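All values reported here derive from a predicted model rather than from experimental measurement. These numbers come from the heavy atoms of this one structure, side chains and all, not from hydrogens, waters or symmetry mates.
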Amino acid sequence: LTEDSIDKTIFVASEQESEIMDVKEQAQAKVTRSVVFVTGEASPYAKSGGLGDVCGSLPIALALRGHRVMVVMPRYMNGALNKNFANAFYTEKHIKIPCFGGEHEVTFFHEYRDSVDWVFVDHPSYHRPGNLYGDNFGAFGDNQFRYTLLCYAACEAPLILELGGYIYGQKCMFVVNDWHASLVPVLLAAKYRPYGVYRDARSVLVIHNLAHQGVEPASTYPDLGLPPEWYGALEWVFPEWARRHALDKGEAVNFLKGAVVTADRIVTVSQGYSWEVTTAEGGQGLNELLSSRKSVLNGIVNGIDINDWNPSTDKFLPYHYSVDDLSGKAKCKAELQKELGLPIRPDVPLIGFIGRLDYQKGIDLIKLAIPDLMRDNIQFVMLGSGDPGFEGWMRSTESGYRDKFRGWVGFSVPVSHRITAGCDILLMPSRFEPCGLNQLYAMQYGTVPVVHGTGGLRDTVENFNPFAEKGEQGTGWAFSPLTIEKMLWALRMAISTYREHKSSWEGLMKRGMSSDFTWDHAASQYEQIFEWAFMDQPYVM
């Protein structure tokens with residue numbers, strides 16, 4: 001051993017363990033920080049969509065890179081979710097929060113799992129039947145109150161909770177997710193920094209879906225417990241066409257707007273979406289404000305959990321395969337055709353769709369295109385639920401094209417894995433898609449995506465180019481604009497390549513499977529955002 005290598009040498013029992021050690025050593029961050037995620041949901045405790053996936057996986061990836069990470073979320077006790085919090089213990093810490101006309105006591109529960117401190121804020125408002133944000137009658141009327149409590153509690157948690165023997169302290173990086181956590185940067189600027197607390201803390205707002213902003217009547221502002229002079233940070237005025245009647249002034253408070261104003265950095269879940277939110281079409285009324293903060297606005301594509309989505313280990317697949325041995329994929333296709341009752345034909349391209357059956361996902365275009373597609377020698381399978389009209393259309397289409405079409409109404413995790421692995425092509429004609437995960441899963445499984453070039457879909461799917469200077473390039477097809485003609489053109493290009501250019505198709509599969517969409521890759525990009533946030537002074541009014 002040379003002298004300069006002695007300090008880096010780790011003696012282990014086997015070569016395999018040595019490789020694991022090397023990977024872990026490479027994954028360490030240059031600067032470690034105390035990171036506090038604030039969110040309305042995190043998998044596996046409570047999840048309603050992509051937000052829960054991100055906040056359940058990204059904190060773990062950052063912790064594995066050496067950061068000290070806390071996640072603060074509500075302790076939802078609605079009956080169905082109670083068992084998810086079974087391993088969290090009562091910390092014996094409680095605080096009283098001055099808001100909504102009184103003092104409201106919340107308590108903290110804690111679980112240490114996967115190197116992350118999972119902190120659950122407990123209050124009776126989180127103990128009710130229904131889903132996370134509402135029930136069969138719609139959204140809960142007191143959601144503003146529920147998430148105001150969460151934000152106050154998240155600001156106090158690093159100061160009072162002795163997790164692992166000591167507190168997180170004041171030099172924290174707060175990562176606030178969507179409107180539920182958007183009051184945190186406002187509280188830091190309005191109620192802590194003026195009194196010398198959290199002067200060394202910074203905050204990053206992560207926008208997962210700009211359509212939800214936490215807007216409530218302006219008359220609720222005094223309930224938030226903020227100083228009167230901070231009303232402007234949350235002030236929101238609806239345009240005249242969106243007001244209910246002639247006497248309606250349209251005055252409101254907007255939680256997400258408050259975070260856009262006061263956060264030190266802003267991140268969206270893809271680079272494409274970071275541009276779209278600054279446009280009139282995609283900005284949901286906040287486009288001008290977000291454009292004014294372009295200098296601190298970035299996009300980072302979400303990662304995927306390769307423990308759950310890995311074709312070489314997936315527990316839901318009948319056969320396994322990898323980029324080095326693709327033989328198992330053809331077997332998965334045959335098994336899927338058999339399971340769905342379709343003719344087992346390896347020569348026929350099998351096209352899949354997985355997602356909600358609604359307007360955003362472009363189901364209306366698929367509906368209009370199916371008669372044309374069914375004239376071709378293909379098979380098509382759809383999995384999803386949503387609009388009852390589209391559900392009925394799927395059932396009737398299946399009865400009309402028994403040898404070519406299958407529509408699975410509902411959702412099944414095992415079936416979604418088998419469709420992702422068994423299909424040759426995944427279709428995603430979404431009208432807008434902040435990030436999108438299904439196209440990432442598809443590429444990981446060697447299934448070629450055909451997507452509408454919007455948001456995260458445009459960022460992650462590289463158009464196939466058989467005549468590139470360095471040989472063939474690309475991982476799929478991204479078509480634009482969103483029309484039936486363009487969608488059918490992209491699909492037929494994919495079908496033609498599948499049938500007539502087998503070597504090119506195999507190259508598409510392997511390039512997709514070799515792409516790095518891991519959470520570790522995303523975590524390294526978030527570290528750069530953290531570094532930039534600490535370079536600048538925090539927000540001060």
Side-chain angles (χ1 to χ4, degrees), residues 304-355 357 361 366 370 373-374 376-385 394 397-398 401-429 436-451 461 475-477 491 494-499 502 505-515 517:
I304 59 176
D305 190 339
I306 57 173
N307 294 319
D308 292 336
W309 292 91
N310 188 338
S312 61
T313 59
D314 193 327
K315 63 183 179 181
F316 299 120
L317 301 188
Y319 300 96
H320 293 140
Y321 58 95
S322 68
V323 69
D324 299 317
D325 180 10
L326 293 169
S327 59
K329 183 166 176 64
K331 297 176 182 176
C332 286
K333 177 180 178 178
E335 285 294 322
L336 178 64
Q337 290 172 323
K338 181 179 179 182
E339 180 181 0
L340 297 174
L342 290 168
I344 300 175
R345 298 181 60 188
D347 58 309
V348 172
L350 179 56
I351 303 170
F353 171 89
I354 302 171
L357 305 181
K361 298 298 182 182
I366 297 177
I370 280 294
L373 282 173
M374 292 295 102
D376 295 339
N377 193 18
I378 65 157
Q379 294 175 344
F380 203 111
V381 56
M382 297 181 67
L383 170 68
S385 62
M394 276 171 52
T397 304
E398 178 176 325
Y401 301 99
R402 292 296 303 171
D403 290 340
K404 290 187 174 183
F405 186 93
R406 287 293 180 274
W408 188 304
V409 176
F411 191 77
S412 165
V413 172
V415 174
S416 70
H417 281 244
R418 291 197 286 273
I419 290 176
T420 303
C423 284
D424 300 299
I425 300 167
L426 184 82
L427 178 62
M428 290 185 69
L437 290 175
N438 285 336
Q439 83 278 12
L440 305 183
Y441 299 148
M443 287 188 281
Q444 180 78 4
Y445 280 61
T447 300
V448 177
V450 174
V451 304
V461 178
T475 55
W477 282 266
L491 277 172
I495 293 167
S496 173
T497 305
Y498 173 84
R499 286 198 176 118
K502 292 297 184 183
W505 191 262
E506 186 173 323
L508 277 162
M509 294 167 64
K510 288 187 173 182
R511 285 190 293 275
M513 295 178 77
S514 302
S515 301
F517 294 117

May I ask you to decide if Met428's main-chain N or O and Asn438's side chain share a donor-acceptor pair within less than 3.5 Å? no
Residue pair Phe411, Leu383: steps toward the side chain to side chain contact (heavy atoms under 4.5 Å, CB included) verdict: CA-CA 7 Å; Phe411 191 77; Leu383 170 68; 4.2 Å; yes
Lys502 atom NZ, over 12 foreign heavy atoms within 6.0 Å: yes
On a heavy-atom basis, which atom in Thr475 and which in Ser515 lie closest, and how many Å separate them? CG2-OG, 4.2 Å
Between the CE atom in Met394 and the CG atom in Leu357, the distance rounded to the nearest 0.5 Å is 5.5 Å
Specify the closest pair of heavy atoms between Phe316 and Arg418, including all atoms of both residues, with the distance to one decimal. O-CG, 3.3 Å
Is any side-chain heavy atom of Leu326 less than 4.5 Å from a side-chain heavy atom of Lys510? yes
Mind running side chain to side chain contact (heavy atoms under 4.5 Å, CB included) on Tyr441 and His417 for me, showing each step along the way? CA-CA 9 Å; Tyr441 299 148; His417 281 244; over 6 Å; no
For side chain to side chain contact (heavy atoms under 4.5 Å, CB included), just list the numbers for Glu339 and Val415, CA-CA rounded to whole Å, side-chain angles, deciding distance to a tenth of an Å, and then say yes or no. CA-CA 10 Å; Glu339 180 181 0; Val415 174; 4.2 Å; yes
Of all the heavy-atom pairs spanning Ile495 and Ile378, show the shortest one and how long it is. CD1-CG2, 3.7 Å
Tell me whether the rings of Trp309 and Tyr445 are parallel (<30°), tilted (30 to 60°) or perpendicular (>60°). perpendicular
Look at the side chain of Gln379 and the backbone N and O of Pro343, then say whether any donor-acceptor pair between them is shorter than 3.5 Å. yes
Is there a donor-acceptor pair under 3.5 Å between the side chain of Thr497 and the backbone N or O of Trp505? no
Check whether any side-chain N or O of Thr447 sits under 3.5 Å from a backbone N or O of Cys423 as a donor-acceptor pair, and report yes or no. yes
Residues, nucleotides or ligands: over 12 heavy atoms within 6.0 Å of Ile344 CD1: yes
So, taking the atom named CG in Leu342 and the one named CG in Leu350, what distance separates them when rounded to the nearest 0.5 Å? 7.0 Å
Can a side-chain donor-acceptor contact be found between Ser327 and Asp325 if the only test is distance below 3.5 angstrom? yes
Ignoring hydrogens, what is the shortest heavy-atom contact between Leu317 and Ala421? Give both atom names and the distance. CD2-CB, 3.6 Å
Spacing of Glu335 atom CD and Gln337 atom CD [to the nearest 0.5 Å]: 10.0 Å
Is it true that a side-chain atom of Lys333 and a backbone atom of Gly328 form a donor plus acceptor pair closer than 3.5 Å? no
How many angstroms lie between atom CE of Met374 and atom OG1 of Thr397, to the nearest 0.5 angstrom? 8.5 Å
Under 3.5 Å donor-acceptor, Lys404 side chain and Phe380 backbone: no
Looking at side-chain heavy atoms only, is the closest gap between Ser322 and Pro311 below 4.5 Å? no
Would you say the side chain of Trp408 lies within less than 4.5 Å of the side chain of Leu340, judging by non-hydrogen atoms? yes
Between Ile304 and Leu437, is there a side-chain heavy-atom distance shorter than 4.5 Å? yes
